[in-house]
There are 2 protein chains.
Amino acid sequence: MLRKNPSFLSYIERLYDAMPRKEDIVMKTFRKGELLFAQGQDPIKVFIVKEGVTKCYFSEDNGKEYILEFLSEGEILGELEALRTIPCLCNVAAVSDVQAYALNLPFFKGMLEKDLHLNHMLLNALAERIINTSSRSSSQQLYTIGHGLSKILELQERQEISISKEDMAAYLGVTLRSLNRALKDLD
Amino acid sequence: MLRKNPSFLSYIERLYDAMPRKEDIVMKTFRKGELLFAQGQDPIKVFIVKEGVTKCYFSEDNGKEYILEFLSEGEILGELEALRTIPCLCNVAAVSDVQAYALNLPFFKGMLEKDLHLNHMLLNALAERIINTSSRSSSQQLYTIGHGLSKILELQERQEISISKEDMAAYLGVTLRSLNRALKDLD
DNA sequence: TTTGTTGCGGGACAAATGTCCTTTTAATTT
DNA sequence: AAATTAAAAGGACATTTGTCCCGCAACAAA
């Protein structure tokens, strides 16, 4: 659930250091809670997280939220929108303070045209996300809360990340109340 | 929900016609009900649907099924597995009689190495799938059955496809019983 | 200390969905 | 037509999840 992509990170770092015109890639920082993308708005950059944790989530019309992923070091943000030229699919917020490389859209698209290696890394990253998203979707639909819950708890144990109860609930796609019940039922 | 990809189809047809060694791309047919891929098994080909409708679904340990997508003309199958070199993520079955181009894995991977255009088409196809899968997942988690149901019914109206009640339920991630209730509540 | 104020947990009830099983209807075979 | 099988519909009850709301503990402001 906490995604990272080391190969993307080293790729972008190499690129950044070698950049002639630093305007095309700039470093940006976000305070905990700030939005990197707002659902429905036109994106202006593609980000690659250098440090910190972000959450990527839908805000539905009924006021509820669904967290797709927690994205951390090396993960790319806004690539779907850049590829398809569409407004932001969902919100992305900084869960901790975040530092990220920001690529100009034309620059990113230009790279896509000439860099086969970038294409391959992106293909692999997207494939990975489909695998995660779809298998999680399936098990959330077909199993009861407790099932998915235990997986999150494992990760919390491993100190990988510490997320608020509210975010845990949003990740599971349930109410806080239901999450509490499920937690109590575990023992 | 019934996905098609005309640009992929014309791409592969051009490729097929121009093929020197026809062994690398062969035409395969599947009877209604046959499996193109079996979840967990190693894939041997990448398919591109020429004609007919397939369903792509998970079989969970509790015996339930969740349909990810209905894939039709021009959609590619097995590309995730080829990219990541993993066993089949889910089952793919022919919903009607199906005809598909079957590409050898080494051939497909070879193409990925040299054909930038293929890379771009794939990137776009994967992006599209993430968009669909994740937004559907969110709304299925956060809304009640009736919401998603009305969308399916629209498509049935437009004669796009006629799917069994059982498949509709599996697509919504609910029981047949619940689907029937939701249908009755609609009017 | 007192007074909010905020976050978290949980009780009580309502709504949604699942399970099991029977009935009904439609299609197919003999 | 009769018999058989398959697909669809739904009744009755159990389980899961949501909604609403209250109380308690922690903490900050007065």
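As the structure is a computational prediction, the values presented were derived from the model and not from experiment. By convention in this document, chain letters (A, B, ...) are assigned in the order of the sequence lines, proteins followed by strands, and residues within each chain are numbered from 1.
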Quiz item: Can you check side chain to side chain donor-acceptor pair (under 3.5 Å) on Ser138(B) and Glu60(A), steps first, answer last?
Solution: CA-CA 8 Å; Ser138(B) 175; Glu60(A) 297 284 354; 2.7 Å; yes
Can you name the atoms? Protein N/O to nucleotides 10-14 of chain C N/O, anything below 3.5 Å, with the distance.
unit_1  : atom_1 : unit_2    : atom_2 : d
dG10(C) : OP1    : Lys184(A) : NZ     : 2.4
dG10(C) : O5'    : Lys184(A) : NZ     : 3.3
dG10(C) : N7     : Arg177(A) : NE     : 3.4
dG11(C) : N7     : Arg177(A) : NH2    : 3.1
dG11(C) : O6     : Arg177(A) : NE     : 2.9

Please report, rounded to the nearest Å, how far the [atom2] atom of [N] is from the [atom1] atom of [X].
X: Glu60(A); N: dG18(D); atom1: CD; atom2: C1'; answer: 17 Å
X: Leu149(A); N: dT16(D); atom1: CG; atom2: C1'; answer: 14 Å
X: Tyr143(A); N: dT15(D); atom1: OH; atom2: C1'; answer: 17 Å
X: Leu183(A); N: dG9(C); atom1: CG; atom2: P; answer: 8 Å
X: His147(B); N: dG18(D); atom1: NE2; atom2: P; answer: 16 Å
X: Met168(B); N: dA9(D); atom1: CE; atom2: P; answer: 10 Å
X: Glu166(B); N: dA7(D); atom1: CD; atom2: C1'; answer: 9 Å
X: Leu142(B); N: dT19(D); atom1: CG; atom2: P; answer: 10 Å

Quiz prompt | Sequence neighbours excluded, every pair satisfying side chain to side chain donor-acceptor pair (under 3.5 Å) that has a member inside residues 170-180 of chain B | solution =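 For residues 170-180 of chain B, and leaving out neighbouring residues, the side chain to side chain donor-acceptor pair (under 3.5 Å) pairs sorted by first residue read Arg136(B)-Tyr171(B).
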Practice problem: Using a 4.0 Å heavy-atom cut-off across all strands, classify Leu176(B) as base, sugar-phosphate, or nothing. | Solution: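 If one applies the 4.0 Å heavy-atom cut-off, Leu176(B) turns out to touch nothing in the nucleic acid.
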Practice problem: Using the test ring pair (Phe, Tyr, Trp, His ring centres under 6.0 Å), find all partners of Phe58(A) that sit at least two apart in sequence or belong to another chain. | Solution: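 Partners of Phe58(A) by the ring pair (Phe, Tyr, Trp, His ring centres under 6.0 Å) criterion come out as none, since no residue qualifies.
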Quiz prompt | Partner set under ring pair (Phe, Tyr, Trp, His ring centres under 6.0 Å) for Phe37(B), not counting sequence neighbours | solution =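 By the ring pair (Phe, Tyr, Trp, His ring centres under 6.0 Å) rule, Phe37(B) matches Phe47(B).
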Quiz item: Under 4.0 Å between a side-chain N/O of Thr175(A) and OP1 or OP2 of dT17(D), yes or no?
Solution: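 The answer is no; no side-chain N or O of Thr175(A) sits under 4.0 Å from OP1 or OP2.
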Quiz item: Thr144(A) side chain N/O closer than 4.0 Å to the phosphate oxygens (OP1, OP2) of dT17(D)?
Solution: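 Yes, such a contact exists.
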Self-check item: First encountered from the 5' end of DNA chain C, between Gln141(A) and Lys165(A)
Solution: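 Of the two residues, Lys165(A) wins.
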Exercise. For the residue pair Tyr143(B) and His147(B), categorise the inter-ring angle as parallel (less than 30°), tilted (30 to 60°) or perpendicular (more than 60°).
Key: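 Parallel, since the angle between the ring planes stays under 30°.
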Self-check item: Passing candidate, salt bridge (Lys or Arg N to Asp or Glu O under 4.0 Å) with Glu75(B), options Lys4(B), Arg129(B), Lys50(B)
Solution: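 Per the salt bridge (Lys or Arg N to Asp or Glu O under 4.0 Å) rule, the option paired with Glu75(B) is Arg129(B), out of Lys4(B), Arg129(B), Lys50(B).
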Please enumerate all protein N or O atoms sitting under 3.5 Å from an N or O of nucleotides 22-25 of chain D, with distances to 0.1 Å.
none

Practice problem: Name all pairs fulfilling the salt bridge (charged side-chain N to carboxylate O under 4.0 Å, His left out) condition that reach into residues 32-47 of chain B, sequence neighbours left out, sorted by first residue then second. | Solution: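 Salt bridge (charged side-chain N to carboxylate O under 4.0 Å, His left out) check on residues 32-47 of chain B returns no pairs.
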Quiz item: Are the side chain of Asn119(A) and the backbone of Leu112(A) linked by a donor-acceptor contact shorter than 3.5 Å?
Solution: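 Flag set: sc Asn119(A) to bb Leu112(A) pair under 3.5 Å.
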Quiz item: Would you say Glu13(A) has more than 12 foreign heavy atoms packed within less than 6.0 Å of its CD?
Solution: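 Atom CD in Glu13(A) is packed in, count exceeds 12.
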